[in-house]
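Only one structure is covered here, and it is reproduced in the block below.
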Protein chains: 2
Amino acid sequence: MRKEKNLGEFEIIVLAALIRLGTDAYGVSIRQEIETRTGRSVSVGALYSTLSRLEEKNYVASRMGAATAERGGRAKRHYLIKAEGEAQLEKSVFMLGKMLKGIKAWPETLKNLACL
Amino acid sequence: MRKEKNLGEFEIIVLAALIRLGTDAYGVSIRQEIETRTGRSVSVGALYSTLSRLEEKNYVASRMGAATAERGGRAKRHYLIKAEGEAQLEKSVFMLGKMLKGIKAWPETLKNLACL
DNA sequence: CTATATCCTCTACAATGTAGAATAAATAAG
DNA sequence: CTTATTTATTCTACATTGTAGAGGATATAG
């Protein structure tokens with residue numbers, strides 16, 4: 001069994017996006033979700049290689065879907081976070097929360113972490 | 001001017017520790033702060049190389065202090081987060097917050113795994 | 001001086017982050 | 001049907017971060 005390692009920053013973001021998107025998660029939508037929500041640009045390669053690594057770690061599952069009847073509507077690969085992935089994400093977020101909790105200076109920013 | 005890059009997960013943790021410790025921050029106390037607060041073990045090398053990289057990026061400043069009159073009380077290197085570091089940390093935490101905000105069901109397992 | 005404690009530096013390598021070209025597969029146009 | 005265009009994923013290559021631990025420096029105690 002692979003030793004449990006801490007998630008990287010981008011891995012956290014990707015896993016969070018998977019939770020947000022639920023069954024609608026595939027390459028393009030995930031990328032879109034992250035970009036619009038964080039304002040940060042994400043290259044295709046960055047996203048897919050991270051997804052692939054998360055899958056190797058058994059944090060994420062994927063399956064090929066069917067093509068759709070739109071122009072360029074080739075088959076998508078759908079991604080879903082697994083229980084192990086959620087658990088690990090929770091652990092990482094918990095750690096960050098422990099470190100960040102109580103640091104004043106950020107009025108709005110920390111409010112977003114109130115879910116911890 | 002170095003391009004602004006996103007902070008890594010551990011970098012976030014270290015910067016947060018620096019804020020928490022204020023003027024008491026030096027190698028051992030920083031390590032202690034992170035370990036007790038997160039329950040995660042931190043190797044000496046991991047910490048110092050991260051601090052050193054944060055300093056190169058102008059996010060942190062350090063200076064050598066004086067020795068103290070305790071057994072083994074050799075001089076400590078004191079670290080202090082800089083304004084640039086705080087700004088960058090806030091940016092990273094803001095992004096994470098945006099992605100994590102509103103995710104409720106942490107402990108819950110996704111039941112949709114069957115559809116894979 | 002030798003022992004022991006505290007603390008930092010250095011080296012080496014593993015894992016994660018990132019970009020963009022290449023490729024694949026679908027419909028639309030002519 | 002052949003080419004253009006659109007949507008999507010795969011692949012390759014390299015940069016940055018993460019991590020461990022040996023080793024060296026410097027302090028007091030005895």
Side-chain angles (χ1 to χ4, degrees), chain A residues 2-15 17 24-32 34-35 38 40-57 59-60 62-79 88-89 92 95-96, chain B residues 2-15 17 24-32 34-35 38 40-57 59-60 62-79 88-89 92 95-96:
Chain A
R2 173 194 289 268
K3 197 203 165 197
E4 291 244 325
K5 313 206 67 178
N6 298 309
L7 294 170
E9 188 255 5
F10 190 54
E11 291 180 318
I12 291 175
I13 285 182
V14 169
L15 288 178
D24 295 331
Y26 75 103
V28 174
S29 69
I30 297 169
R31 191 167 167 230
Q32 169 86 6
I34 297 174
E35 291 194 331
T38 66
R40 141 192 196 169
S41 85
V42 175
S43 72
V44 235
L47 179 59
Y48 284 107
S49 49
T50 295
L51 283 167
S52 162
R53 286 161 185 166
L54 288 171
E55 198 166 7
E56 280 173 11
K57 291 196 264 188
Y59 292 159
V60 159
S62 81
R63 70 172 163 66
M64 223 44 193
T68 58
E70 311 161 69
R71 177 147 199 194
R74 69 169 285 201
K76 301 163 174 48
R77 179 174 290 279
H78 298 276
Y79 294 89
Q88 193 57 42
L89 176 59
S92 286
M95 278 184 193
L96 287 170
Chain B
R2 173 193 287 266
K3 195 203 168 199
E4 291 244 327
K5 313 205 69 175
N6 298 309
L7 294 170
E9 187 257 3
F10 190 54
E11 290 181 318
I12 291 175
I13 286 181
V14 170
L15 288 178
D24 295 330
Y26 75 101
V28 173
S29 69
I30 297 170
R31 193 169 165 226
Q32 169 86 5
I34 297 175
E35 291 194 331
T38 67
R40 141 192 197 172
S41 85
V42 175
S43 72
V44 230
L47 179 60
Y48 284 109
S49 49
T50 297
L51 282 167
S52 161
R53 286 159 184 166
L54 287 171
E55 198 165 8
E56 279 173 12
K57 291 195 265 189
Y59 292 159
V60 160
S62 81
R63 68 165 173 30
M64 222 44 192
T68 59
E70 309 162 72
R71 177 147 197 193
R74 69 169 283 198
K76 302 164 174 45
R77 179 173 290 279
H78 298 277
Y79 293 90
Q88 192 58 41
L89 176 59
S92 286
M95 280 185 191
L96 286 170

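In what follows, chains carry the letters A, B, and so on, assigned in the order in which the sequence lines appear, proteins first and then strands, with residues in each chain numbered from 1.
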Requested in this report: Tell me, please, which residues at least two apart from A/Q88 pass side chain to side chain donor-acceptor pair (under 3.5 Å).
Outcome: none

Ignoring the backbone of [X], work out which of [options] is nearest its side chain.
X: B/R71; options: C/dT18, C/dA5, D/dA8; result: C/dA5
X: B/R77; options: D/dT10, C/dT9, D/dG18; result: C/dT9
X: A/R40; options: C/dT18, D/dT19, C/dA28; result: C/dT18
X: A/V28; options: C/dT18, D/dA8, D/dA20; result: D/dA8
X: B/S43; options: D/dT16, C/dA15, D/dA20; result: D/dA20
X: A/K76; options: D/dA8, C/dT18, D/dG18; result: D/dA8

Which whole-number value in Å describes the distance from [X] [atom1] to [N] [atom2]?
X: B/R31; N: D/dG21; atom1: CZ; atom2: C1'; answer: 11 Å
X: A/L54; N: C/dG17; atom1: CG; atom2: P; answer: 8 Å
X: A/E55; N: C/dT16; atom1: CD; atom2: C1'; answer: 17 Å
X: A/K5; N: C/dA15; atom1: NZ; atom2: C1'; answer: 6 Å
X: B/N6; N: D/dT17; atom1: CG; atom2: C1'; answer: 12 Å
X: B/L47; N: C/dT11; atom1: CG; atom2: C1'; answer: 17 Å
X: B/I13; N: D/dT17; atom1: CD1; atom2: P; answer: 15 Å
X: A/F10; N: C/dA15; atom1: CZ; atom2: C1'; answer: 15 Å

Report task. Assess whether one donor atom and one acceptor atom, taken from the side chain of A/R74 and the base of D/dA8, lie less than 3.5 Å apart. Result -> yes

**Report entry** Base D/dG18 to side chain B/R53, donor-acceptor N/O within 3.5 Å cut-off
**Finding:** yes

Query raised in the report: A/E11 or B/M64: which one's nearest nucleotide on DNA chain C is closer to the 5' end?
Result: B/M64

Report task. Name the residue closer to the 5' end of DNA chain C, choosing between B/A75 and A/G73 according to the nucleotide with the nearest heavy atom. Result -> B/A75

Report task. Output the distance between atom CG (A/L7) and atom CZ (A/R53), rounded to the nearest 0.5 Å. Result -> 13.5 Å

Requested in this report: Identify, between A/T68 and A/S49, the residue whose nearest nucleotide on DNA chain D lies closer to the 5' end.
Outcome: A/T68

**Report entry** Shortest non-hydrogen contact from B/R77 toward B/S62
**Finding:** NH1-OG, 2.9 Å

Report summary line: Nearest heavy-atom contact between A/E9 and B/I12 is CG-CD1, 4.3 Å

Query raised in the report: Is A/G45 touching bases, backbone alone, or none of the nucleic acid, heavy atoms closer than 4.0 Å?
Result: base

**Report entry** N/O donor-acceptor pair under 3.5 Å between B/S29 side chain and B/Y26 backbone
**Finding:** yes

